[in-house]
Number of protein chains: 2
Amino acid sequence: MSGRRALTRNQALVLEVLTRADEPLSAYAILDRLRDEGLRAPLQVYRALDKLLETGEVHRLDSLKAFVACSHPHDHPCTGLVAFAICESCARVFEFSDSAIEARFAAWAVEKAFLTKSTTLEISGICAACRSSADGSNPSD
Amino acid sequence: MSGRRALTRNQALVLEVLTRADEPLSAYAILDRLRDEGLRAPLQVYRALDKLLETGEVHRLDSLKAFVACSHPHDHPCTGLVAFAICESCARVFEFSDSAIEARFAAWAVEKAFLTKSTTLEISGICAACRSSADGSNPSD
DNA sequence: GCAATTAATGTAATAACATTACATCACTTT
DNA sequence: AAAGTGATGTAATGTTATTACATTAATTGC
């Protein structure tokens, strides 16, 4: 019915926690939420995350040392370069792509003969909703 | 004689180590190189790094959890958005700017009413020198 | 000069993030 | 059933970063 590969139990648990969360979670935060499911050691989470990162079902935000579920449907893999905008106020993450940005990076790489393996694009700031609620409180809480 | 502000001893030591290094260094690697100068605790390095990051004299590479000296002269502050290309083979870092990329990010932010505070742009891969030495060895060692 | 203030420093302890090593279990293949 | 493979569980440890607190140095006002 789709190209989605089977997940192991731990992978499914981790992905479910991330999908439900409305903010990025650290590996240890994920672990805390899975104690009741029997998970006890960081490695159980990191192993699941490794697989989910490989397939693009999860992304790591280097600037936060935290993880988010990919916001795209995952019948197909996440293709192309992805950027993340992270709200410092409500912690929500906005995932987007821009082919022009992708093209400029590609052009730089060609010019410098640099072989690109992976790209990290993260912008940090305040999202529209948090800006319009001028007190800085989280508009959704 | 210039706009450069005075550095404290620890700040000067940390900046000097980073300037001499031809690869990014972790805070603890910096500390190790400054034992002889009397530094003993991570906090001494982190405090110096905090100041140097504020002024743009040093950059943090989130994807490596490591620090590099800014490659630009620092009579003036580092202006605009900066991207880093990091060679996985020789660890050298290439700092560059691209006004078109900057413009596209700005356009996205305007469209989404996102107030950008900071941006992380890092690409990881293999640099020209390492590619042409097909064995993968570091051509400068 | 000297108290009051502020900024930088030194030290220790601990928190937060991530990996290595190794034993075990489950499933498939033969 | 033996061999091979991939996932799991557990413990220990390694690495990165921060908190808390005491001290020292530089600055300001008197």
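No experiment lies behind these values; they were computed from the predicted model shown.
Leu31(A) has its CG atom 12 Å from the C1' atom of dC17(C), to the nearest Å. Spacing between atom CG of Leu43(B) and atom C1' of dA13(C) amounts to 12 Å, rounded to whole angstrom units. Atoms CG (Leu39(B)) and C1' (dT11(C)) sit 12 Å apart, rounded to a whole Å. dT16(D) atom P lies 16 Å from atom CG of Leu53(B), rounded to whole Å.
Salt bridge absent: Glu23(B) and Arg92(B) never bring a charged side-chain N and a carboxylate O closer than 4.0 Å. Ion pairing between a basic and an acidic side chain is recognised when a charged N comes within 4.0 Å of a carboxylate O; Lys65(B) and Asp62(B) show no such pairing.
Closest to the side chain of Arg47(B), out of dC17(C), dT11(C), dT16(D), is dT11(C). Distances were taken from every side-chain heavy atom of Tyr46(A) (C-beta onward) to each of dC17(C), dT11(C), dG9(D); the shortest belongs to dC17(C). Checking dG10(C), dC17(C), dA8(C) against every side-chain atom of Tyr28(A), the shortest atom distance belongs to dC17(C). Ranking dG9(D), dT11(C), dT9(C) by closeness to the Arg40(B) side chain, first place goes to dT11(C). Closest to the side chain of Gln44(B), out of dG9(D), dG10(C), dT18(D), is dG10(C). Which of dT18(D), dT9(C), dC17(C) sits closest to the side chain of Lys65(A) comes down to dC17(C).
Checking Pro42(B) against Arg9(A), the closest nucleotide of DNA chain D that is more toward the 5' end is the one next to Arg9(A).
The two atoms that bring Ala66(B) and Pro24(B) nearest to each other are CB-CB, 3.7 Å, heavy atoms only. Nearest heavy-atom pair, Ser71(B) versus Glu95(B), reported as atom, atom and distance to 0.1 Å: OG-OE1, 2.9 Å.
Side-chain N/O atoms of Thr8(B) include none lying less than 4.0 angstrom from OP1 or OP2 on dA8(C).
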